[in-house]
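Atoms within each ligand, like the ligands themselves, are counted from 1 in listed order.
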Amino acid sequence: MDTVEQPNPDTELANDEDLNPLHLTHAQFQRAVEYLDDIKKGIVGFLMAPKRSISVCFPIEMDDGSVKIFNGYRVLHNRVLGPGKGGVRYHPEVNQTTVSALAELMTWKCSLIKVPFGGAKGGVQCNPKELSKNELRRITRRFITELGDNIGPHTDIPAPDLYTDEQTMAWVYDTYDVMHPGENNLPVVTGKPLELGGSLGRHEATGRGCLYATQRVLANRIIEGMETVEGAKVAVQGFGQVGSVVAKLFQEAGAIVIAVSDSQGGIYEEEGLDLEAAEQYKFEHGSVVGLPETRTITNEDLLELECDILVPAALGNQIRLHNVSQVKAKLVVEAANGPTTLEADDVLTRKGIFVIPDILANAGGVTVSYFEWVQNIENEEWDLEEVNKKLRLKMNRASDAVVDRWQKLVKDHPESEIAPINLRTAALVVAVDRVAHVTLERGIWP
Ligand code: GLU
């Protein structure tokens, strides 16, 4: 039985859509649980609840001498498979709810890609575009000091996320190292600069993983008429650390990147964009918008373009009930975390549009974070070919596991009462199953 109606963008329903990220994550999780017959029901609540949530509030002296208060969060969702792992984001929309939802997604991501970590996430509510480098440094140092021993190389390991980068991770490392002298503290944080224990390939890892997952899913021949990215028309929303790499790597792999965007808007060229020129233009003007010989479009237009592959690589909740009916791509690849709402996801599934879910599509980042962590512990430095080869293997295995499970679920439940079965549900079934299994294998304490 269908439980979700087709959206009508002109009705109130579209505006009433539940966009609470925690509700969406839990609803996705609950769907997966329905297909896990032998899950011990009592542990479902445990698997949903965060193990630890920290919220801190601290003052920062700004460059002009004034003092501002900032709120920071770190949520450790689950550590059954290993220490907590997940990024730290700096964004005005950071709050306890968002961070909790993202921490839970990290649990499923780490489980699916098979790295020995649990899920965590953190962030500071701020607008990094309005902050100087010195202010960002003071915020980072103070935030990490406030977290104290709640992070550590074997307890909870931060990494970059939205609007944080290698420089931010260098400050995280330095602050922790000052607090814990005399120890090898390099594995306390990943995504560090290369000369400070970072891994080759980490900067590009999320985008590269996206390409590998897409190639592998397509090679499984589940999308009629599209078995490779070669010749595919691709639109990428976001031109930051992930989106710009996705665009470049898909183009190198033979795709035609027809549109990219940033927070100010997007650019479109039907024959394919000159990405180097776009990068240079953004560097000089702060945005890709205005690049000569391109048409300016909005971020909303980008999602609705005629294309084969749409890659949302920016914020959450971008594909929603009010615009989903306009999505024309054959495949959506979620480079961002949570870019598609639950109801929009169902509409895409019913329309036959495939979605490679975030926990698979963007798992390359945490995978190479894991490689960095291992190298730091062993005082090793792997070469780039080795990193990318290992990344490819992990992305291929996880992609195959998701496609296999999806095919099995569709076969076993041809008339699913719960919701149309898609790759997201299959990915969550694989991921949740693993964490549930290990939870019971370890046993409930005491
Ligand atoms: N922030 C990234 C993510 O959402 C990477 C996390 C990590 O490397 O630990 O997957």
Presence of salt bridge, [Y] and [X], under 4.0 angstrom:
X      : Y      : result
Lys109 : Asp358 : no
Glu204 : Lys248 : yes
Asp63  : Arg138 : yes

* Dump the intermediate steps for side chain to side chain donor-acceptor pair (under 3.5 Å) on Asn422 and Thr349, then the final yes or no. => CA-CA 6 Å; Asn422 54 24; Thr349 311; 3.1 Å; yes
* Asked: Checking side chain to side chain donor-acceptor pair (under 3.5 Å) for the pair His23/Asp18: CA distance, chi angles, key distance, verdict?
  -> CA-CA 8 Å; His23 294 173; Asp18 183 357; 2.8 Å; yes
* Would you check if Tyr212 and Ser399 make a side-chain contact, meaning some heavy-atom pair closer than 4.5 Å? =>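 No, every pair of side-chain atoms sits at 4.5 Å or beyond.
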Considering only N or O atoms, set out every pair between ligand 1 and the protein closer than 3.5 Å, with distances to one decimal place.
unit_1, atom_1, unit_2, atom_2, d
ligand 1, 1 (N), Pro160, O, 2.9
ligand 1, 1 (N), Asp161, OD1, 2.7
ligand 1, 4 (O), Lys109, NZ, 3.1
ligand 1, 4 (O), Lys121, NZ, 3.0
ligand 1, 4 (O), Asp161, OD1, 3.4
ligand 1, 4 (O), Asn337, ND2, 3.1
ligand 1, 8 (O), Arg202, NH2, 3.1
ligand 1, 8 (O), Ser369, OG, 2.5
ligand 1, 9 (O), Lys85, NZ, 2.9
ligand 1, 10 (O), Lys109, NZ, 2.6

